Number of protein chains: 2
Amino acid sequence: MAALSTAVASGRKKRGEGHTRREEILQAAKELFLEEGYDATTIRRIADRVGVSAPALYLYFHDKEAMMLALCDQTFGRLIERITDIEKTVSDPLQRIRLFGDAYARFGLENPDEYRLVFIGNNIPESVRKVGHRMPIDDPTRPGVGGALVFSRLVAMLAQLEVSGVKLNYPPDTCAELCWMGIHGVVAAMIMKPEFPWSNREMLIKGMQEIVIKGILR
Amino acid sequence: MAALSTAVASGRKKRGEGHTRREEILQAAKELFLEEGYDATTIRRIADRVGVSAPALYLYFHDKEAMMLALCDQTFGRLIERITDIEKTVSDPLQRIRLFGDAYARFGLENPDEYRLVFIGNNIPESVRKVGHRMPIDDPTRPGVGGALVFSRLVAMLAQLEVSGVKLNYPPDTCAELCWMGIHGVVAAMIMKPEFPWSNREMLIKGMQEIVIKGILR
DNA sequence: ATTGATAACTTATCGTTGATAACCTATCTA
DNA sequence: TAGATAGGTTATCAACGATAAGTTATCAAT
């Protein structure tokens with residue numbers, strides 16, 4: 001009767017326990033997104049796995065994309081934790097950036113499905129935002145901007161690097177974007193085209209890291 | 001009852017003129033994909049613009065994705081032409097690679113849907129290929145392989161660069177992969193996260209290009 | 001000139017999808 | 001013990017991609 005990894009159809013939640021159901025929905029959505037991709041995952045299948053009717057999901061999320069964005073924030077949060085850990089344990093600015101890239105690439109390659117879900121993503125960010133829909137539970141600050149946090153940390157690292165006396169070839173935020181895009185290119189390529197005969201994985205990761213760091217340093 | 005803005009609602013095609021209708025469908029699909037994106041474009045709207053019923057499209061294309069892939073091959077043909085043009089007009093191997101990167105990035109950002117379909121490879125079921133569907137006109141050689149062709153040109157360029165006497169930090173294949181991954185990282189990021197406040201686009205493209213070229217040269 | 005095959009369509013319809021409206025019902029509180 | 005409300009449900013919607021089955025124009029061969 002206890003909760004399993006794939007969720008168990010429990011009865012109606014007690015009065016203040018709606019957030020529990022919300023977590024169950026997120027868990028089921030995460031599993032299905034990873035198993036079959038975003039587009040192939042239907043509202044009804046998520047609801048089935050949770051053990052609840054389909055419209056119940058709309059009590060906790062605005063729409064399907066909102067579930068995806070909530071999951072994005074979760075995964076971004078895990079990465080941010082690791083970045084924070086690096087900042088706490090390492091003082092040298094350049095070494096911090098190296099470890100950032102290493103942790104990022106490792107994170108992506110160790111969790112390829114989640115990486116694909118969050119950083120590559122099958123979702124199409126549509127600029128058209130529907131209005132006039134009551135969303136009583138979701139945070140009014142629309143989720144999905146967790147990526148900005150990661151970048152701000154990298155920007156901060158590069159600003160610190162500049163403060164420490166190192167000259168950069170580009171503004172700190174541009175350096176951060178270039179660093180991230182380089183590493184992201186490696187991770188995304190290896191995840192999305194695993195059958196392609198890439199050359200040595202470690203050489204590519206380390207190589208890209210050397211390349212971007214050497215490239216931004218004057 | 002006169003011509004629409006783009007396509008003309010003509011009557012039924014004469015006997016051997018089906019390919020004309022096929023071209024009309026591709027043109028309408030291309031316009032709508034560009035105007036509203038791939039997912040937002042519906043079969044019915046394409047059919048409306050052509051001036052034909054929706055099921056008529058299935059006389060010429062297996063499914064919606066087949067239209068996109070046909071357009072991809074068209075569009076990638078233009079990129080391959082551009083690359084060929086670069087190879088014809090520029091002799092310096094390093095300059096060739098620079099122009100390749102520039103043409104590649106520009107192509108990706110100008111054709112995000114095609115780029116996403118081919119290089120990011122969103123949701124391709126792949127293994128499940130429907131059979132028993134009569135598709136009298138479509139080429140039996142399945143389209144969508146333009147991407148590998150483009151990449152192979154870059155590999156050739158880097159091999160030439162090494163032959164010309166330039167010393168590289170990594171094997172030519174690895175260099176090609178690193179170059180492509182860097183530029184791909186820029187393009188993919190901007191396509192998949194267009195709402196993110198990236199810094200100047202030109203600086204990012206040029207910057208990544210400088211970075212990867214400087215990075216692979218000893 | 002008529003016939004028969006078939007290319008080039010149409011209309012009608014299917015099963016799913018995301019999403020909404022409107023109605024229940026358990027639980028907590030006053 | 002009444003009523004407010006959190007936490008659901010069933011019924012239904014319009015739109016989607018795709019298919020089935022019928023219709024009509026155009027050809028070639030009688």
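Protein chains get the first letters and strands the later ones, always in sequence-line order, with residue 1 at the start of each. The analysis underlying the following values was restricted to heavy atoms, covering all of them including side chains, and did not include hydrogens, waters or symmetry mates. Note that the coordinates shown come from a computational prediction; the quantities given were computed from them, not determined experimentally.
Between A/Arg106 and A/Asp102 there is a salt bridge, since a side-chain N of the basic residue sits under 4.0 Å from a carboxylate O of the acidic one.
Taking the six-membered ring for Trp and thresholds of 30 and 60 degrees, B/Phe151 and A/Phe196 have ring planes more than 60 degrees apart, a perpendicular arrangement.
Look at A/Tyr58 and you won't find any side-chain N or O under 4.0 angstrom from OP1 or OP2 of D/dG8. Using a 4.0 Å cut-off, no side-chain N or O of B/Arg12 falls inside it from OP1 or OP2 of D/dT26. Side-chain nitrogen and oxygen atoms of A/Lys13 include none within less than 4.0 Å of the OP1 or OP2 phosphate oxygen of D/dG7. For A/Lys14 and C/dT27, the shortest distance from a side-chain N or O to OP1 or OP2 is not below 4.0 Å.
Rounded to an integer number of Å, the gap from A/Ile43 CD1 to D/dA15 P is 19 Å. Between A/Lys64 atom NZ and C/dT17 atom P the separation is 9 Å, expressed in whole Å. Rounded to whole angstrom, the span from the CG atom of A/Leu59 across to the P atom of D/dT10 amounts to 14 Å. When the C1' atom of D/dC16 is taken as reference, atom CG of B/Leu32 falls 15 Å away, rounded to whole Å. Taking atom CD of residue B/Glu65 and atom C1' of nucleotide D/dC16, one finds them 16 Å apart after rounding to whole Å. The separation between A/Glu17 atom CD and D/dG8 atom P is 11 Å, rounded to whole Å. Between B/Arg21 atom CZ and D/dA25 atom C1' the separation is 13 Å, expressed in whole Å. Rounded to whole Å, atom P of D/dT19 lies 13 Å from atom CG of B/Leu57.
In this structure, B/Thr20 reaches neither bases nor backbone, as no heavy-atom distance under 4.0 Å exists between it and the strands shown. The residue B/Ser53 sits close to a base: some heavy atom pair falls under 4.0 Å.
Shortest non-hydrogen contact noted between A/Cys175 and A/Tyr170 is SG-O, 3.4 Å.
Checked against A/Glu87 for a salt bridge (charged side-chain N to carboxylate O under 4.0 Å, His left out), the options A/Arg153, A/Arg82, A/Arg96 give a single hit: A/Arg153.
Side-chain proximity of B/Pro55 to C/dT10, C/dA8, C/dT27: nearest is C/dT10.
Ranked by how close their nearest DNA chain C nucleotide is to the 5' end, B/Val52 and B/Arg44 are led by B/Val52. Remark on DNA chain C: of its neighbouring residues A/Gly16 and B/Ala56, the 5'-side contact belongs to B/Ala56, judged by nearest-heavy-atom nucleotide. Sequence order on DNA chain D of the closest nucleotides to B/Arg15 and B/Arg45 puts B/Arg45 first from the 5' end.
Ring-centre distance between B/Phe107 and B/Phe119: not below the 6.0 Å cut-off.
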